[in-house]
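Report on the structure given below.
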Number of protein chains: 2
Amino acid sequence: MNADPWEPPAVLLAVDLVILTLRDARLHVLLVERGIEPYSGALALPGGFLADAHEDIEEAARRELSEEAGLVDVHLEMLGVYGRPGRDPRGRVVSVAYLAIAPSLPEPIAGTDAASACWMRVDDVLSTQVDLAFDHRHIVGDGVERARAKLEQTALATAFCAETFTISDLQQVYEAVWGVRLDPRNFYRKVQNARGFIVAAGPMRRTENGRPARLFKAGPARTLYPPMVRSAQASAEDAGEAAAPVTAQGGQQT
Amino acid sequence: MNADPWEPPAVLLAVDLVILTLRDARLHVLLVERGIEPYSGALALPGGFLADAHEDIEEAARRELSEEAGLVDVHLEMLGVYGRPGRDPRGRVVSVAYLAIAPSLPEPIAGTDAASACWMRVDDVLSTQVDLAFDHRHIVGDGVERARAKLEQTALATAFCAETFTISDLQQVYEAVWGVRLDPRNFYRKVQNARGFIVAAGPMRRTENGRPARLFKAGPARTLYPPMVRSAQASAEDAGEAAAPVTAQGGQQT
DNA sequence: AGAATAGTGTCTTTCAGACATTATTAG
DNA sequence: CTAATAATGTCTGAAAGACACTATTCT
C-alpha cells in the first residue's frame with residue numbers, strides 16, 4: 001500500500017472570502033461581479049487562487065481581502081473547505097473559505113481593484129433572491145451560521161464595530177446577525193456582566209437624537225462569561241422539538 | 001487581473017483523521033506508524049491523499065476511516081485545513097483534517113490494513129511525551145479543543161457511547177474530554193433537563209457492582225438546551241481577567 | 001412640554017453548584 | 001449487615017426575561 005510509483009492527484013487551491021459587515025442595521029456580505037468564465041457576469045464571493053506555490057493559505061486570504069475589498073486588520077478566521085468534484089467546470093478546484101468581519105464603514109468599498117464589488121443584504125442572498133456563482137450561496141450560509149454561533153460565546157460582535165462604540169451599536173450587531181429584536185435594558189445588563197467583553201473608552205460621549213451614550217471599546221476577553229445566550233426558541237430550532245412548550249406565553253400573571 | 005495566460009499553482013490534497021475515543025475512562029487518539037518517508041517510523045494521524053481526481057474530500061476521509069481504522073458509521077466532521085508551505089518536504093501538500101468520534105470498543109482496532117495502528121492517550125500526545133510527524137500534534141490539539149467545545153452545546157457526547165448507555169457512561173465522556181470531575185447528582189439532573197439529549201431505551205437495565213442503571217439512547221436533539229456548561233473557571237481561563245466591573249462612570253450623576 | 005434614547009432597578013423563573021437522602025443491587 | 005452505585009430532593013445564588021422607572025439630550 002505504500003511504495004507504489006503511484007502519483008496522487010493534484011488540485012487547484014483557491015480562497016474565498018465571506019466578508020460580513022453591518023450597513024444600516026442590516027447584515028451585508030461583499031460580492032463581486034465575475035469578469036471571467038465560468039459564471040462570467042455572475043456575482044461571487046471575492047477570492048482567487050494561490051498566487052504561487054509558496055504562499056500560505058491565510059496569507060492568500062489576507063491578500064485577497066486587501067486587493068478586492070481594501071480591508072486590512074480585520075477579523076479573519078477559517079470557515080471550511082469546499083471541494084466537491086464538479087463544483088468548478090475548470091477542473092478540480094478546492095476552495096478554502098474564510099470568514100471576515102469588517103466594521104461598518106461609511107464608504108462603499110475602498111481601494112478595490114475589482115471595482116465591481118458591492119455589499120448585498122445577506123437575507124436576499126440566502127433567500128434565492130440573488131444568484132451566486134459556484135456553491136457560494138452555501139458558503140455564505142455557513143459563514144452567517146458561524147457568525148451567529150460565535151456571537152454567543154465570543155467577543156466577535158466587537159469586530160463589527162468601530163474602535164469605540166455604544167452599547168446600542170453593539171445591540172444592533174446582535175439584532176442584525178441573529179435577526180431578532182432584543183430588549184435594550186436586558187441587553188445592557190448582560191453585556192456589562194460579561195466579564196472583559198467591553199471596557200469604558202474615556203468619559204466621552206456622543207450625540208444623536210436622545211441622551212448621549214457612553215463609549216466603550218473591546219475588552220480583553222475572547223470568550224464570554226457569562227455567554228450572550230440566544231433565547232430557547234432560537235437555539236432549539238433544530239433541537240428535535242417536542243422539546244417542551246418553553247413555558248413562554250404572553251405572561252398574564254397577577 | 002484576469003485574462004492572463006497565468007496558471008495557478010497546483011497542490012496535493014490529503015486528508016488526516018483525528019479519531020477520538022474513550023478507553024478506560026481516558027481520551028485516546030488513533031495513531032499509525034508511518035511506513036514511508038518522510039517521517040518513516042514516526043507516529044502520525046491516519047490519512048492519505050485523495051484516491052483520484054474525482055473523489056470527494058469527505059468521501060476520502062470516510063475511506064481512510066474504514067481502511068485504516070475499520071470504522072464505519074461514526075461521527076465525522078471537518079476540522080480544518082493545514083497547508084503551511086514547508087509542512088511536508090515532498091512539496092506543497094494541503095491537508096484537510098477531520099474529527100471522528102468512535103464509541104468505546106473492546107477490540108484494539110478491527111480490520112485495519114495498517115496493522116501498526118494504536119490508541120494513544122491524548123494527554124501524552126499533547127504534552128510532548130509522544131512525537132508526531134508533520135504538524136499532527138497541533139492538529140490533535142485542535143481536534144480535542146473542538147470536541148471539548150462541542151460537548152457543551154451539542155449532543156456530541158453520545159457519539160462516544162455505544163448504542164445504549166447509562167448516565168454514568170455519559171458522565172465519563174464529559175470527565176475524560178474536559179479533564180474534570182463532575183458531581184454525579186448534578187450531572188444527572190442537567191442531562192435529563194437538556195431537552196431531547198437522551199431518551200430512555202426500554203425499561204431494561206444493566207448490572208455491574210451497585211444498583212443497576214437505566215439505559216438510554218441518543219435523543220433527537222443536535223444542539224443542547226439548556227447547554228452543558230463548563231464551570232466559570234474552565235471557560236473563563238482566557239477571559240482576560242482583571243476585567244474591571246465596567247460600571248463605567250462617565251457621568252457621575254446624583 | 002414632548003419625543004427619543006440612555007441607563008437603573010425590581011420581580012419571577014430557570015438553572016448551576018453544593019450536598020443530604022433514599023433506592024437497589026452484590027457480597 | 002456493608003459496600004457500591006443509582007436516583008431523587010433541597011437549598012442557595014447567578015443569571016434570564018419581562019417590564020417600570022429615572023436621566024439627559026433635542027426640538
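Reminder, nothing fancy here: chain letters follow the sequence lines and each chain counts from 1. Hydrogens, waters and symmetry mates are skipped; everything else that's a heavy atom, side chains included, is used.
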From CG (A:Leu31) to CD1 (A:Ile19), nearest 0.5 Å:
9.5 Å

For D:dA6, does OP1 or OP2 lie under 4.0 Å from any side-chain N or O of B:Tyr188?
no

Tell me what B:Ser168 touches on the nucleic acid: a base, only sugar-phosphate, or nothing, going by heavy atoms under 4.0 Å.
sugar-phosphate

Report the distance from atom NE2 of B:His28 to atom CG of B:Leu20, rounding to the nearest 0.5 Å.
11.0 Å

For the OG atom of A:Ser104 and the CZ atom of A:Phe165, what is their distance to the nearest 0.5 Å?
11.5 Å

Nearest 0.5 Å, please: how far is CG in B:Asn186 from OH in B:Tyr188?
13.5 Å

Interatomic distance where CZ belongs to A:Phe187 and P belongs to D:dA18 [whole Å]:
15 Å

Can you measure B:Arg181 atom CZ to C:dA18 atom P for me and round it to whole angstrom units?
14 Å

Whole angstrom value for the distance that separates P of D:dA7 from CD1 of B:Ile198:
10 Å

Below 4.0 angstrom, which residues in residues 211-219 of chain B have at least one non-hydrogen atom near DNA chain C?
B:Arg211, B:Pro212

Run the salt-bridge test on A:Asp24 and A:Arg26 with the 4.0 Å N-O cut-off and return the result as yes or no.
no

Before you tell me yes or no, could you show the steps for A:Tyr82 and A:Asp142 under side chain to side chain donor-acceptor pair (under 3.5 Å), namely the whole-Å CA-CA distance, both residues' side-chain angles and the distance that decides it to 0.1 Å?
CA-CA 11 Å; A:Tyr82 299 83; A:Asp142 290 351; 2.5 Å; yes

Nearest whole Å is fine: how far is C:dC15 P from B:Glu152 CD?
16 Å

Check the surroundings of atom CD in A:Glu163: do more than 12 heavy atoms from other residues, nucleotides or ligands lie under 6.0 Å from it?
no

Report the C-alpha distance between A:Glu77 and A:Tyr98 in whole Å, list the side-chain angles of each, state the deciding distance to 0.1 Å, and finish with yes or no for side chain to side chain contact (heavy atoms under 4.5 Å, CB included).
CA-CA 6 Å; A:Glu77 65 179 83; A:Tyr98 280 81; 5.9 Å; no

In sequence, state the C-alpha distance, the side-chain angles, and the governing distance for B:Met228 and B:Val191, and then conclude on side chain to side chain contact (heavy atoms under 4.5 Å, CB included).
CA-CA 8 Å; B:Met228 302 289 293; B:Val191 165; 3.7 Å; yes

Distance in angstrom units between A:Asp183 CG and C:dT5 P, rounded:
15 Å

Whether over 12 other heavy atoms sit under 6.0 Å from A:His75 NE2
yes

Below 3.5 Å between N/O atoms, which protein atoms pair up with nucleotides 1-3 of chain C? Just atom names and distances, please.
none

Give me the distances for all protein-to-nucleotides 9-16 of chain D N/O pairs that come in under 3.5 Å?
residue : atom : partner  : partner atom : Å
D:dA15  : OP1  : A:Arg195 : NH1          : 3.4

Salt bridge present between A:Glu175 and A:Arg181 (N-O < 4.0 angstrom)
yes

Rounding to an integer number of Å, can you tell me how far B:Phe165 CZ sits from D:dT5 P?
20 Å

